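Here's the structure we're looking at; comments come further down.
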Amino acid sequence: MRVEVLGAGIVGLTVADELVRRGHDVTVVDPRPALGASYAAAGMLSPTAEVWYGEEDLLRLGSASLRMWPELARRLGVELRQHGTLLVGYDAGDLQQVDRQVELLTRHGHDAQLLDRAGVRDREPALARVTGGALLPEEASVDPRAVCDALLARVPLVGVPRGADVTVVATGTSLPPPFSGLVTGVRGEILRLRTDDPPLRTVRGWAAGEPVYLVPRGGGGLVLGATSERHDGPPVVTAGGALRLLAAARQLWPALDRAELVEGTARDRPATADGLPLVGPSGVDGVLLAAGHHRHGVLLAPLTARLVADHLEDGHLEPVLDPRRAMEGVR
Ligand code: GLY
């Protein structure tokens with residue numbers, strides 16, 4: 001089949017790569033490849049740390065996609081850090097957040113080990129000031145920029161559409177009509193640092209109620225994120241956003257003061273009305289969507305690729321992601 005994938009972010013590129021692997025004639029269209037939300041993303045593969053009550057479908061789908069990452073990372077030759085995520089709370093109120101998260105996860109059969117202050121310090125000595133936490137051993141992380149670079153080397157890319165049998169729309173927050181109203185932008189501001197003393201694993205925590213995460217990379221790189229704010233202006237890093245992130249991170253990780261501040265980036269996450277992505281037939285002939293991944297684009301990329309390819313080949317559909325649920329009343 002001749003397939004055009006609109007959007008060279010991690011979702012569009014992973015879809016395109018899967019279709020190429022299955023022998024389809026694929027072109028990716030993007031005048032500015034890999035510079036959208038994937039460029040900002042920290043790359044947490046966190047189906048358990050980043051879900052909440054009412055998001056059990058995301059937990060199930062995210063866990064399925066996490067299981068696909070080792071094979072994808074191996075094939076692309078990118079590092080997959082598999083040290084789990086440490087959830088931490090700075091004060092007693094923050095620790096209640098950790099307890100609630102652990103309660104949710106254990107109820108659904110996921111591994112989550114509660115730790116006292118000493119248990120956290122044993123695993124991450126630099127987290128000197130936290131009250132306690134929990135280890136989520138299943139979780140991992142990748143560098144989305146490295147993933148996109150590897151994918152861009154494997155799929156044909158053009159700047160403008162040429163026409164095909166099927167179009168897959170994977171353009172993040174900028175969906176074309178008639179789909180444009182299906183997602184809204186949720187700004188995420190994120191900082192990149194370099195340090196001699198990074199944590200080993202992803203740390204996700206709350207500091208006096210402020211959520212924050214630290215995702216280590218090889219070579220002393222550390223990604224600190226992220227704000228989350230609905231807005232209709234251009235995504236820029238604000239002084240207030242950066243201050244909030246730095247203040248929260250410093251409470252958990254005092255060594256922040258010595259880290260080099262390398263970069264600030266802001267992008268919009270594409271959020272849907274019901275919090276679930278739109279993957280599958282759009283209701284418009286010949287057009288599929290792979291969109292609306294909000295906080296989970298990196299995590300859900302391999303599952304999305306499989307779902308899109310399976311749908312093209314045999315009509316398979318994941319019912320809760322069927323985009324037509326959101327199209328009622330749009331056309
Ligand atoms: N998944 C991380 C974020 O959305 O900030």
Side-chain angles (χ1 to χ4, degrees), residues 9-11 14 34-52 55 57-59 61-66 69 80-81 83-88 97 101 104-105 136 138-148 172-173 183-193 199 201-207 209-217 221-231 235-238 240-242 244-246 248-249 252 263-272 274-277 291-304:
I10 197 161
V11 170
T14 312
L35 289 177
S38 310
Y39 188 74
M44 303 159 70
L45 305 179
S46 285
T48 56
E50 286 219 307
V51 293
W52 196 231
E55 296 184 329
D57 283 321
L58 266 182
L59 178 59
L61 296 166
S63 300
S65 202
L66 176 62
W69 260 104
L80 177 70
R81 293 177 71 98
H83 302 289
T85 294
L86 197 56
L87 282 185
V88 295
Q97 286 278 5
Q101 192 81 29
L104 167 70
L105 297 176
L136 311 181
E138 299 163 20
E139 299 204 337
S141 69
V142 289
D143 178 350
R145 293 181 184 175
V147 174
C148 287
T173 45
V183 297
T184 51
V186 179
R187 178 197 289 162
E189 293 155 90
I190 198 156
L191 305 174
R192 283 174 162 75
L193 307 157
R201 52 181 64 76
T202 297
V203 176
R204 193 179 211 301
W206 292 267
E210 189 71 42
V212 67
Y213 55 74
L214 300 162
V215 182
R217 299 265 193 267
L222 187 64
V223 183
L224 164 54
T227 59
S228 194
E229 191 185 347
R230 283 182 195 270
H231 75 111
V236 295
V237 180
T238 62
R244 284 208 319 276
L245 290 174
L246 291 168
L252 303 176
E263 182 191 310
T265 310
R267 293 289 188 275
D268 288 331
R269 306 176 183 89
T272 58
D274 64 7
L276 285 166
H293 289 73
H294 194 198
R295 305 185 72 90
H296 304 285
V298 180
L299 171 65
L300 292 174
L303 180 69
T304 301

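Here, residue 1 is the first one in the sequence, and each next residue gets the next number. Predicted model, so just to flag it, every value in this text is computed and none were measured. Atoms within a ligand are numbered from 1 in the order they appear, just like the ligands themselves.
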Query - Identified side chain to side chain contact (heavy atoms under 4.5 Å, CB included) partner of Leu45 from the options Thr85, Thr202, Val298 - result: Val298

Report summary line: heavy-atom search around atom 3 (C) of ligand 1 in the protein gives Tyr213 OH, 3.3 Å

Query raised in the report: Roughly how far, to the nearest 0.5 Å, is the NE2 atom of His294 from the CG atom of Leu300?
Result: 12.0 Å

Report task. Please round to the nearest 0.5 Å and tell me the distance separating atom CH2 of Trp69 and atom CD of Glu139. Result -> 14.5 Å

Report summary line: Ranking Arg269, Met44, Glu50 by closest non-hydrogen atom to atom 1 (N) of ligand 1, top hit is Glu50

Report task. Would you mind listing which atoms of ligand 1 come within a distance below 4.0 Å of any non-hydrogen atom of Ala226? Result -> 5 (O)

Query raised in the report: Under 4.0 Å between a Lys/Arg side-chain N and an Asp/Glu carboxylate O for Arg204 and Glu50?
Result: yes

